[in-house]
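All figures in this text were calculated on a predicted structure; none of them were measured in a lab. Below, read A as the first sequence line, B as the second, and so on, with proteins coming before strands; counting in each chain starts at 1.
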2 protein chains.
Amino acid sequence: MSDVELRELRYLLAVAEEGTLAQAAVRLQVSASPLSRQIRAIEARIGLPVFARRGRRLVLTETGARLLDRAREVLAAADQLAEHVRAERGEPPTRLAVGCVDAAVHTGLLAAGLRSAEQAHPGLRTTVTLGHSPELIDRLRAGELDLALVHTPPPAADPALIRTLVLQDPVALVVPTGHPAAHAPRPDTLDGQAWIVDQRATASIERFRATARDAGFTPDIRYQAADLAVRVSLAAAGLGITMLPARAVPALVPPALPVTVASVPWLPLRIQVYTVTTRRVRRVVAAFTTGVKTPRVPSHKPPRC
Amino acid sequence: MSDVELRELRYLLAVAEEGTLAQAAVRLQVSASPLSRQIRAIEARIGLPVFARRGRRLVLTETGARLLDRAREVLAAADQLAEHVRAERGEPPTRLAVGCVDAAVHTGLLAAGLRSAEQAHPGLRTTVTLGHSPELIDRLRAGELDLALVHTPPPAADPALIRTLVLQDPVALVVPTGHPAAHAPRPDTLDGQAWIVDQRATASIERFRATARDAGFTPDIRYQAADLAVRVSLAAAGLGITMLPARAVPALVPPALPVTVASVPWLPLRIQVYTVTTRRVRRVVAAFTTGVKTPRVPSHKPPRC
DNA sequence: AACCGTTACGGTCCCCGTAACCATT
DNA sequence: AATGGTTACGGGGACCGTAACGGTT
């Protein structure tokens, strides 16, 4: 009865926080099968219903929520012990300096990486720097960053840096409600419309122009804003159309916003995010990257329409 | 690094508290071999010396002591969780009413049983009643006790009660310093000397008289006291000789006391303790008895001379 | 139709107990 | 000489992954 183990508590916690077995399995780096069994075994052993199966989701029951509060305390104490061991060994607190583009924030890539790094190194001290790809690469070269999440990576042949593609997401269009292209974004309805695009990234803007021309419409690029949330806000104000990585939609477009989100599979635009690190990868950095590489949401799930 | 498990912490704690692998192994109900390996593996994994091997004892290093403080917190949180589960199931707190003779206290039998019961049932509520064998048996029959540790058990054929011999200890003599029998307790030096014996246990007193006669001396039974500690105190005051179960010596006879403790292997007197329970044994009671039955100290270790 | 939770099956790894060896008292 | 810690070896159990089934969206 008292033979609970920390692994079991970690399983419960992951399922409770993720809300679904599959997500929790990704986070725990195990497959869904043992998770399902463990959860059921635990519930049977303690004789309490921890989760209620609602459709395909597992939500905490009231007793389950109270239970998880206690479990969290146990795990917190265990983490404190782990950090105490690190301190006792005379190791300074592990530090991690991450730079990233804001798309990496809103797609959850940053959070996934940080959680993985934190889990591997309890008591981790982290600094996050937002910026654009070129400057982040510069700071990485200068040694100010351990790792960068960028759109435009350094050349693959660069001997000093290692790059890995971690996200290739189709774009989702954010169109003001009532806009001529709101219902059916097609080349003819998009032609000549006002657009809100990223600032400074001239290369990507030219790529966008070319892709649009190939698809059969000409964008009127009227606004440039460095911040993703700002672009969405401008679109919500009716100033023009903007685009997002599909996975950023839930985080950036609340349902109440007066915009329509549309996927445009016929437009071959992909938003890419790379991790870039120096040759000498520390263990924290490795933990971060593995966390980022295991996608939290299947990449082919379409945005809501 | 953070993959510590509660079982490992329990192992560390047991070894730290018992001071020796063998004792900790008994307490944990495992053999010494896996314990040794686990301890070494943990030390290697965290890269810190937790124990210092002094001869055949394992004593905590300074860092080990600090570590154990944290480990205790983790285990305490886990125990709280276990008790929360019990409360959540609507089960009232498990209660255990134990009765025992004082020899069971001073030999550590009571403590061993209670620890085992507490470990199996965190949050256990316990009441301990001291008394003599007959009255404890009566209270057991009356349902006021769940379990009794007694010297003189009910007849083995009794259909209502179950008895198990859990201690058969040779007697150790407590002789005032300077007493004629202090150096060499032999029949001739003991003959006619004043004795301090148990109160009320007339049967055992007669047994003592008979055994002494067979051994070749006649005791002058001058004092009777119900309490073991009182008898030792009277002996320390020089009033006479008394006897103890050998295993009770460390607890009852501090080195500073003006008495000599002597083992008398030629005197075939054994002090026995039985557990007595009703036929219907609850799980707590079972946990208690298994804890009592696994001897904490090898029974054939001679008392210090 | 895709995805998810569950179950069955096979493999692997960790842990434990027995036994032998060596050190300590 | 006996007790205790350590190591070697073999067995058992727990956990995991792959695969197949059924329900949900």
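Residue B:R53 places at least one side-chain N or O under 4.0 Å from the OP1 or OP2 atom of D:dT6. Close to C:dC4, at under 4.0 Å from its OP1 or OP2, lies no side-chain N or O of A:R57.
Within a 6.0 Å sphere centred on CZ of B:R54, heavy atoms belonging to other residues, nucleotides or ligands number 12 at most.
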Could you walk me through whether B:R45 and B:E8 satisfy the salt bridge (charged side-chain N to carboxylate O under 4.0 Å, His left out) test, starting with their C-alpha distance in whole Å, then the side-chain angles of each, then the deciding distance to 0.1 Å, before giving a yes or no?
CA-CA 12 Å; B:R45 177 145 44 87; B:E8 304 176 311; 2.5 Å; yes
Evaluation steps, salt bridge (charged side-chain N to carboxylate O under 4.0 Å, His left out), between B:R57 and B:E18
CA-CA 9 Å; B:R57 294 187 66 82; B:E18 300 292 340; over 6 Å; no
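Across the protein-nucleic acid pair, B:F51 atom CZ and D:dG5 atom C1' stand 14 Å apart, rounded to whole Å. As rounded to whole Å, 14 Å separates atom C1' of D:dG23 from atom CG of A:L21. In this structure, B:E18 atom CD and D:dT3 atom P are separated by 19 Å, rounded to whole Å. Remark: P of C:dC15 and CD of B:E5 are 9 Å apart, rounded to the nearest angstrom. Atom pair B:L6:CG and C:dC14:P shows a separation of 19 Å (rounding to whole Å applied). The distance from atom CG of A:D3 to atom C1' of D:dG13 is 14 Å, rounded to the nearest whole Å. With rounding to whole Å, B:I39 atom CD1 is found 13 Å from D:dT6 atom C1'.
Legend: residues meeting side-chain contact (heavy atoms from CB on, under 4.5 Å) with B:V105, ordered by chain and number and at least two apart, are B:C100, B:L110, B:L130. Looking at residues two or more places apart in sequence or on another chain, you find no side chain to side chain donor-acceptor pair (under 3.5 Å) involving A:R56.
The shortest side-chain heavy-atom distance between A:V171 and A:L244 does not fall under the 4.5 Å cut-off.
A salt bridge (Lys or Arg N to Asp or Glu O under 4.0 Å) check over residues 256-273 of chain B, counting only residues at least two apart or in different chains, returns nothing.
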Name the pairs: protein N/O against N/O of nucleotides 20-25 of chain C, kept only if under 3.5 Å.
{"from": "C:dT24", "atom 1": "O2", "to": "B:R56", "atom 2": "NH2", "distance (Å)": "2.5"}

How does protein reach along nucleotides 14-21 of chain D, written 5' to 3' as B (base within reach of a heavy atom under 4.0 Å), S (only sugar-phosphate), or - (no contact)?
-SBBB---
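An end-to-end axis angle of 30° holds for the helix from C:dA1-D:dT25 to C:dT25-D:dA1, taken from five base pairs per end and rounded to 10°.
Among B:T164, B:L167, B:L109, B:V273, the single residue meeting the side-chain contact (heavy atoms from CB on, under 4.5 Å) criterion with B:V292 is B:L109.
A salt bridge links A:E91 to A:R89: one of the charged nitrogens lies within less than 4.0 Å of a carboxylate oxygen.
Judged purely by distance below 3.5 Å, without hydrogens or angles, the side chains of B:R37 and B:S33 pair a donor atom with an acceptor atom. Judged purely by distance below 3.5 Å, without hydrogens or angles, the side chains of A:Q80 and A:H84 never pair a donor atom with an acceptor atom.
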